[in-house]
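The chains referred to below are lettered A, B, ... by the order of the sequence lines, with proteins before strands, and numbering in each begins at 1.
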Amino acid sequence: MMADLRRILLAEDSANDIELTLAALNEHHLANQVDVARDGEQALDYLYRRGAHAERSAGNPAVVLLDLKMPKVDGLEVLRQVKSDPILKSIPVVMLTSSREEGDLLRSYQLGVNAYVVKPVAFGDFVDAVRQLGGFWAVVNEVPPDRTRG
Amino acid sequence: MLLALDSRLEPAGARTCAICAVLLGSMGTLALAGWLSGRLVLASGYPSLIPMAPLTALAFIVLALVFLRLRLKADRDLLAAAVGAFICALGCVRLMALVSATPALPDVEAMLVRDAGSFGGVPLARISPITAAGLALTGAAVVLLSMQRGRWRIDAAGWLSATVALTGCVVLLGYAYGTPLLYGGSVIPVALPSGFGLLLAGVATLGLAGPDARPIRVFCQHGARARLLRAFLPGTMATVLVAGAAVHLLVYGFKVNPALAAALAALAAAGLAAIVVWRNAGVVGLVIDRAEETLTRARDELETAVAVRTAELARINEELEAFASSVSHDLRAPLRHMTGFAELLERSCGEEVGPQGLNYTRQIVAAGGRMSRLIDDLLAFARTAQAPVRSEPVDLSTLVREVIADTSRDLHGRTIEWQLEALPVVSGDRALLRQALTNLIANAIKYTRTRDRARIHIGTPTAADDERVFYVRDNGVGFDMTYAGKLFGVFQRLHRDEQFEGTGIGLANVRRIIQRHGGRVWAEAALDRGATFFVSLPSRERTQPA
């Protein structure tokens, strides 16, 4: 079972949000390793194993936690590319955002997002939200067998 | 109250009066000269016609002088009034003498010309009753115009003048058509120059009365009606009269077959009418064209202005949306970090910061939560301004029960006595009305918190049969009506946060939602004696409550 525990990719530009997310995942004692991409471009490099991430070990992450607003390439664009790639599109993507804007939510679902979580202000709620989505996507959810590279 | 007059006509009255006065005076002088020299044709205008009476000639000369004098004087003129009264009296006396043949009255005419002979069966040098009446009316008009100018005096003078002028016209028409019935019949006929003189006297007094006097005011006013009257009436009347005169002339003058004469006259009349209409159509058409041009230009300008304004509004709306999005994203992120780290501090370093420190972190977290609610409420408030209002039948009774079920979840063990009346079905946006009702009912629950027995009554006013109005009444803490004006403003609160929590946006939202439905909302309350919030919605598609 532990061998199946793959990594979680967290694409987030705000250092504060990274720290809070990691603390929340920690609090839940989530065993998965969390890799962090600081913008959309890095996230795509990671997923396609190119650029700075060319050397990472093969295999798709168990789940991608994607911030909506990021420099260079934003979350919606990363989502669009992931969901239009035949190999990547089976990766569960969770949109993590501070926005309650209906337009963003609608666009995310149109692009095929698996979950959309508005980051709560209260840390306790945040921990609960991360616990739910982390537990669901990284542990419980059955991901189709990896048919990739390598 | 004077109606607006065409200003170009103001000096025309005095000018007309002067021309008529000169003509009238000359005619009178000529007739008098004829009588003095024995050449009666000077007083008749045509050898075979009856001459103007010498008394008429004298009266015309005097009237002409009075007209010329009055033309120059705008204020009261006692001399003119006296002369007018004399002429009026003279006319009346002659009229009575002729009608009743009273010998008691002095025979002025006999004194002027002795033994004048006769014209046909009629004594010469005698004034006709029609002329006498005309003189009496003209004299009365002069008296009225010599006095201080007032509305009714000017109008009365106008009517008298018009009657005199019309009498002159009828006489001239009688001569033109060769019909003695129109200028005297079997009594003393009116001489042709006298008829002309009456017309001149009438027109002169009309000119003196001015364009503001009835009945000619209608022709002199500003506006399309007066313009059209001025353009068409004289020409049309002249055409008909000329046609009649032409028939008469052809049949009796040139002995033409009456049918042919009628045809020729009709032809002439048609030609004249065509000229009148043709000439005036140009004027009227030009006016209409210009008006249409102005209208088109105004409409174009309006459309441009509306387009510019719409673009501006769209831009402002876009900016507002960008602002809302920015608030939603960027303002919330640092807030989340602040509270997040404060909670982390509490969780992981609680022992090191101590109880005082823990108290502080809790306050940071509470303040962050409060600010987050404020942002949420403000964004919701901004959205109710933008969201289009749908129109669907909404059963308020059902909606109220749903809202109560929702809001009753966090009553914290309190019990509330609900009193629910049947409410109307209204036309509106279900989601927005639900939000408004939620705010009102949540308020009622909140402000009855200190009561042992909280009572909330939702109903319609009994006195009014207007079923669009409903109210939410509670027995809570109420408020001072002095501050009722502040109640529905954004961020306006009547209680401190420690007493009753809130962001001060709920009622502002209620008012905006109801106003966007075309309704209004108001409140009645007394301090510590409960509050009642009334909502009135416009009654389209009113039906009985289900």
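With sequence neighbours excluded, the residues forming a side chain to side chain donor-acceptor pair (under 3.5 Å) with B/Asp377 are B/Thr503, listed by chain and number. Scored by the side chain to side chain donor-acceptor pair (under 3.5 Å) test, B/Asp474 finds no partners at all (sequence neighbours excluded).
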Please output the side-chain donor-acceptor pairs of residues 349-357 of chain B that fall under 3.5 Å, not counting sequence neighbours, one pair per line with the distance.
from, atom 1, to, atom 2, distance (Å)
B/Gln356, NE2, B/Tyr360, OH, 2.9

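Using a 4.5 Å heavy-atom cut-off against chain B, the contacting residues of residues 12-21 of chain A are A/Ser14, A/Asn16, A/Asp17, A/Glu19, A/Leu20.
Other residues, nucleotides and ligands contribute at most 12 non-hydrogen atoms within 6.0 Å of the OH atom of B/Tyr483. Other residues, nucleotides and ligands contribute over 12 non-hydrogen atoms within 6.0 Å of the CD atom of B/Glu319.
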